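Before any comments, here is the structure.
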Amino acid sequence: MPELPEVETVRLSLLPAIGATITSAWDSAKGLHMQKKPPRAKLGKLVGATITGLRRNGKYLLVDTDRPESLLVHLGMTGRVRLHAAGTPREKHAHVVLGLGDRELVFSDARRFGQIDVVERAKEKEHAALAGLGPDPIVDGIDAAAFYKRSRGKKAQLKAFILDQTVLAGVGNIYASEALWLSKLRPTKRAHRLTAKTAEALAQAIDVVLRTSLENHGTSLRDFVDGDGAEGSNYDYLKVYDRKGQPCARCKTPIRRTILQGRATYFCPTCQAP
DNA sequence: ATCACGACCTGGAGGC
DNA sequence: TGCCTCCAGGTCGTGA
């Protein structure tokens, strides 16, 4: 479900949790793909802590507390974080529930590709998940010159290049296709073929595509909802993703779907030059 | 070192 | 209805 705009939408919807005190911690005992067991002992250490802030780094969400630790959450493909009244029937795939008095914060994830952990803020940059993340396009902005420099000598296809979280943190499969369409670049083009000018156009397109989606509260393809359970409306504004066969918004050529690195990729064969 | 691919899971949609 | 196949907003480990 979640790329940068979706995670940011979740973050904003959870802001009302700031000031709440964590009164209990429950976990399902079920593992996630990257963790065999929930970090039960560490979660327990958060009981009594007060939530002081919410941050986002790429696709990672950080729930800060008045203790030295923060909760780190990644939504994987189907992860959800919901803030709702205590006593709400437990979702089928709930993995962690933090009681907040009369409310609760619930992390659920059907496919279990997500991650949840407790990190020491002072050392968070050393956490495997956050170490090596590239700049966040919204928090840090995109430095077009640095982006271009990073592409030098890279034989990877542009689609793979912009999905690389060490290049930019937060771009995922939908917005990769969208940004390449907007900048008129073919997803299979090799990164080292970028020029300073086309690299800048791509950087600019990534920025536009992410900000547009943010304004629309993210793209709800199938699973995505924010902390209140609301869907985003950005699906209606996608130009190519999930639009196979539909006319290109620029030139009317039917949009094509292909598989790159095992992932669905959409592009216009006419206006996205090879 | 790079790069491309399969694996990890569950559930919804569509075909028959 | 039910069964089968395909597909999905991510990331990691492997092997070429």
Side-chain angles (χ1 to χ4, degrees), chain A residues 1-11 28 30-37 56-61 72-81 91-95 107-117 127-134 137 150-180 187-193 206 209-210 212-214 216-226 231-244 257-266:
Chain A
M1 102 189 198
E3 303 182 36
L4 187 156
E6 290 73 34
V7 180
E8 178 65 7
T9 298
V10 170
R11 188 187 74 83
S28 66
K30 250 190 169 178
L32 299 167
H33 180 218
M34 273 175 287
Q35 301 161 271
K36 285 200 195 115
K37 302 231 168 171
R56 182 189 55 71
N57 195 180
K59 301 173 191 173
Y60 291 88
L61 185 66
L72 174 71
V73 182
H74 190 286
L75 302 174
M77 291 281 253
T78 50
R80 292 179 172 187
V81 179
E91 291 163 61
K92 187 176 176 186
H93 298 288
H95 289 99
F107 170 73
S108 61
D109 184 0
R111 290 177 72 184
R112 292 193 262 144
F113 289 168
Q115 253 190 92
I116 189 156
D117 202 358
H127 191 279
L130 302 176
L133 275 190
R150 193 71 158 69
S151 70
R152 297 304 78 199
K154 285 272 183 194
K155 286 193 184 165
Q157 298 178 135
L158 281 181
K159 171 101 182 302
F161 178 66
I162 60 176
L163 282 174
D164 181 346
Q165 301 297 295
T166 71
V167 173
L168 290 174
V171 178
N173 203 42
I174 292 179
Y175 304 115
S177 279
E178 292 295 313
L180 288 163
T188 46
K189 193 179 180 92
R190 302 286 163 173
H192 70 280
R193 300 273 189 215
I206 290 169
V209 157
L210 295 178
T212 300
S213 181
L214 265 174
N216 296 317
H217 311 289
T219 301
S220 291
L221 202 55
R222 36 181 65 77
D223 298 300
F224 173 68
V225 293
D226 70 11
E231 296 190 344
S233 60
N234 196 62
Y235 181 87
D236 296 338
Y237 301 90
L238 298 179
K239 304 293 190 188
V240 288
Y241 192 88
D242 206 27
R243 300 272 186 255
K244 179 185 171 184
R257 175 185 186 274
T258 186
I259 302 289
L260 255 35
Q261 284 85 47
R263 323 223 28 215
T265 306
Y266 298 83

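Fair warning: this is a prediction, and the values are worked out from it, not measured in the lab. Just the heavy atoms: all of them, side chains too, but no hydrogens, waters or symmetry mates, feed the values below. Protein chains get the first letters and strands the later ones, always in sequence-line order, with residue 1 at the start of each.
Put simply, Gln261(A) has no side-chain N or O that comes within less than 4.0 Å of OP1 or OP2 on dC5(B). Between Arg263(A) and the phosphate of dG10(C), there is a side-chain N or O to OP1/OP2 separation shorter than 4.0 Å. Side-chain N/O atoms of His93(A) include none lying less than 4.0 angstrom from OP1 or OP2 on dC9(B). Under 4.0 angstrom from either OP1 or OP2 of dG11(B) there lies at least one side-chain N or O belonging to Lys92(A). Note on Lys59(A): a side-chain N or O is less than 4.0 Å away from OP1 or OP2 of dT11(C). When the side-chain nitrogen and oxygen atoms of His74(A) are compared with OP1 and OP2 of dG10(C), none of them lie within a distance under 4.0 Å. Within the 4.0 Å cut-off from OP1 or OP2 of dC3(B), at least one side-chain nitrogen or oxygen of Lys154(A) is found.
What separates CG of Leu4(A) from P of dT11(C) is a distance of 11 Å, to the nearest Å. One interatomic measurement links the two molecules: CG of Leu260(A) to P of dG6(B), which rounds to 14 Å at whole-angstrom precision.
For the P atoms, the distance from dC3(C) to dC9(B) is 24 Å, rounded to whole Å.
In DNA chain C, runs of at least 3 consecutive Watson-Crick or G-U pairs, each pair with both distances below 3.5 Å, span B:2-8 with C:10-16, B:10-16 with C:2-8.
Within residues 110-117 of chain A, the residues having any heavy atom under 4.0 Å from DNA chain C are, by residue number, Arg111(A), Phe113(A).
Ala160(A) comes within 4.0 angstrom of nothing in the nucleic acid, heavy atoms only.
Taking the side-chain contact (heavy atoms from CB on, under 4.5 Å) definition, one finds that Lys30(A) meets it with Ser28(A), His95(A), Arg112(A), sequence neighbours left out.
Both the sub-6.0 Å distance and the 45° axial angle are satisfied by Arg243(A) relative to the ring of Tyr235(A).
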